[in-house]
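Naming convention: chains lettered A, B, ... in sequence-line order (proteins, then strands); numbering from 1 in each chain.
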Amino acid sequence: MIDNTRSFRVKRVFGFGMMWVLLFFAALPTVWVLIMSFREQSVMFEAFWKSPLAVTLDNYLGITRSDFPKALLNSFICAGLSTLLAMIVGVPAGFALAKSRLSGKFYASWLLLLLRMAPPVGFVIPLFLLYVNAGLIDSYFGLIMAYMTLTLPLIVWSMWNSFAQVPDELIEAAIMDGASLGKAFLLVALPAARPGAVAAAILGFLIVWNDFFYALIITRSSTVTAPVAVMNFISYDSVDWGSIAVASIALTLPILPLMVIANRYIVQSLSGAVKG
Amino acid sequence: MTSSTHLKTRGRATAELEGGYRRMMLPAVFAVGLFAIIPLAGMLALSFSDYHLLRGTNWEFGLKNFVRLASDKRLMNSVYAMAILSFFGVATQVLIGAAIAVGLSKIVGRWRLGRVLFLLPYAVPHVAVALIWLSLFTPTLSPINAFFDIFGITVPSFLTTKNGALFAIVMADTWTNFPFTMLIILAALQGISPDLEEAAALDGATRVKTFFYITLPLLIPAFLMVTLFRFIDSLKHFPMIFVMTKGGPGRSTQATNYYAYIQTFQNSNVAYGAAIAVTLFVVAAFISFYVAKLNQRVTS
């Protein structure tokens, strides 16, 4: 190649250098939280290279004895069920929006986007008042229903994009062959859009798993989800950094495989416009 | 069968099909109405009311809250904080995400481990992100402070100054969200046909020139999309402010979404909080209209 010049090699070294700096920025907090999670309580405020051997599993053991595992379970229940419900309702709707010749489709896309973009405080204030009066504060039912406001627009939107990529001819052919619309959807369109459906479910799960605001307002002690329960390790006069580090890891690990599976679909699902 | 009856049966079949599609949408329409439209209508009604969490309501409706909004200095302060957080946060996320995407695709090549490592921060829930960065910005705890101490340099306490606290939130926000911009720009980069770049190279363009005149213009839709998506998300800032600064020092990091929370749940002024939420909602409506238009144009 013509490019094998000195200046090109300099640029290449510069490029690699930049990548290492960025990788350091990306990795530093992760490495730090791992270190913190193994540090003994008594040396937490010392530089870790001064007492590298003061490692312990106490922080991990302490977490298993706290209320945190139950909060993790709550997170699983809420994220799983609200995603499942939203999939049942949202996948057929995404299919119908992608394939029908309805005239108001632009407004449907606007509404879905708006619901995803609207400030959560707008949903939470009326829901809070409703729940206080209906006795739904700190109930699984109330929390799962509230999370539908997050999962449903996301799932309908991303399934709409997925089904749009399934060729119309495929469905038309099935209907020509005498299949009902429901059968064409279940047996032809859905298998063709399966990667998109998996991605939509993962994204739905992640958005609930990550939620802090809804849970902060409408849960108390019994249905509290993990992101809010972490705050219990911060008390008025002290912060239990070891436990916070372990809890942060526990919050991230379950969804890490989901992220790795979903990352190639995230792009397509979140923005139909940017075709990779 | 004549062609006109054929058309008629086809027309009937299409009508039946459209009916089927509508029935498939129905549960979602019902659910969106129940879970989204009703709460939003509730918010709108509250914003015109005088509802107070402790005092209740006298059922007086009017524009009082919006009049108060117009002259609320704390609201202006919150818009300023939100603008700073949004602008610097989105700008650095797009820059860093783009730099890594270009680096991964043009310089480093297929580097699987690198991709996974760069993706990792995106998987960390925001509360954990906020707590981790809170620890990095706590002078007595942070390894960064300890490291600079070796050389006798004292790193200032960021969270106790106005601009420092804003900077700290931008850092945490950037760290967890640059992988999103990276993913989208990487996908857009991979969508560009290599033929184009080869053709430019054959015509004698240098790699740098090819990048700036061929590749970059083709990335503009991806940049636009990613900027808009990140910008809208940045209007919803909450966990990082709640965990790292509680809106302080003073009110310097009280972004609008957080201010609405304070008014509603700390000052018990539900009606006024709802009015702020309505205002934010109107802003989101305008932006999402633009995004929907953009999406329609690019996909069709």
Run the ring pair (Phe, Tyr, Trp, His ring centres under 6.0 Å) check on F25(A) and F118(B) step by step: do they pass? CA-CA 10 Å; F25(A) 167 70; F118(B) 280 124; 9.5 Å; no
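- When heavy atoms are compared at a cutoff of 4.5 Å, Y258(B) does not approach chain A at all.
- The part of I150(B) that comes within reach of chain A is its side chain, from C-beta onward, which places non-hydrogen atoms under 4.5 angstrom from that chain.
- Only the side chain of W32(A) comes within less than 4.5 Å of a heavy atom in chain B; its backbone stays farther off.
- Ring to ring, F128(A) and F265(B) are close: their centroids are under 6.0 angstrom apart.
- Contacts of K99(A) with chain B are made by both backbone and side-chain atoms, with heavy-atom separations under 4.5 Å.
- N210(A) and H126(B) make their closest contact through OD1-N, 4.3 Å (heavy atoms, listed as atom of the first residue, atom of the second, distance).
- Checking side-chain atoms of W241(A) against main-chain N and O of S135(B) turns up no donor-acceptor pair under 3.5 Å.
- Of the atoms belonging to I234(A), it is side-chain heavy atoms, and not backbone ones, that fall under 4.5 Å from chain B.
- The shortest non-hydrogen separation linking K236(B) to A118(A) is CD-O, 3.6 Å.
- Few gaps surround CZ on F106(A); more than 12 heavy atoms of other groups in view lie less than 6.0 Å from it.
- The heavy-atom pair separating S288(B) from L113(A) by the smallest distance is O-CD1, 3.8 Å.
- No more than 12 heavy-atom neighbours from other residues, nucleotides or ligands sit within 6.0 angstrom of CH2 on W20(A).
- For the set V239(A), T30(A), T252(A), L115(A), the count of heavy-atom pairs under 4.5 angstrom toward chain B peaks at T252(A).
- Ring geometry for F238(B) against F212(A) counts as tilted: the plane angle lies between 30° and 60°, on a 0 to 90° scale.
- Minimum heavy-atom separation, V89(A) to A31(B): CG1-CB, 4.1 Å.
- Proximity to chain A is absent for every atom of F30(B), based on heavy atoms less than 4.5 angstrom apart.
- Taken to the nearest 0.5 Å, the CG atom of L131(B) stands 6.0 Å off from the CE atom of M231(A).
- Using modelled atom types, no side-chain atom of E18(B) and backbone atom of S100(A) make a donor-acceptor pair closer than 3.5 Å.
- A pairwise comparison of heavy atoms in L251(A) and P125(B) identifies O-CG, 3.7 Å as the closest pair.
- There is no contact between L186(B) and chain A, counting heavy-atom distances below 4.5 Å.
- Only the side chain of L111(A) comes within contact range of chain B, judged by heavy atoms closer than 4.5 Å.
- Heavy-atom distances place the side chain of P121(B), and not its backbone, under 4.5 Å from chain A.
- Within 6.0 Å of CZ in F45(A) there are more than 12 heavy atoms belonging to other residues, nucleotides or ligands.
- With rounding to the nearest 0.5 angstrom, the CG atom of L136(B) is 7.0 Å from the CE atom of M36(A).
- By the neighbour-count criterion of 12 heavy atoms within 6.0 Å, atom NZ of K183(A) is sparsely surrounded, having that number or fewer from other residues, nucleotides or ligands.
- Neither the backbone nor the side chain of R23(B) has a heavy atom closer than 4.5 Å to any heavy atom of chain A.
- Residue I37(B) touches chain A through its side chain alone, counting heavy-atom pairs closer than 4.5 Å.
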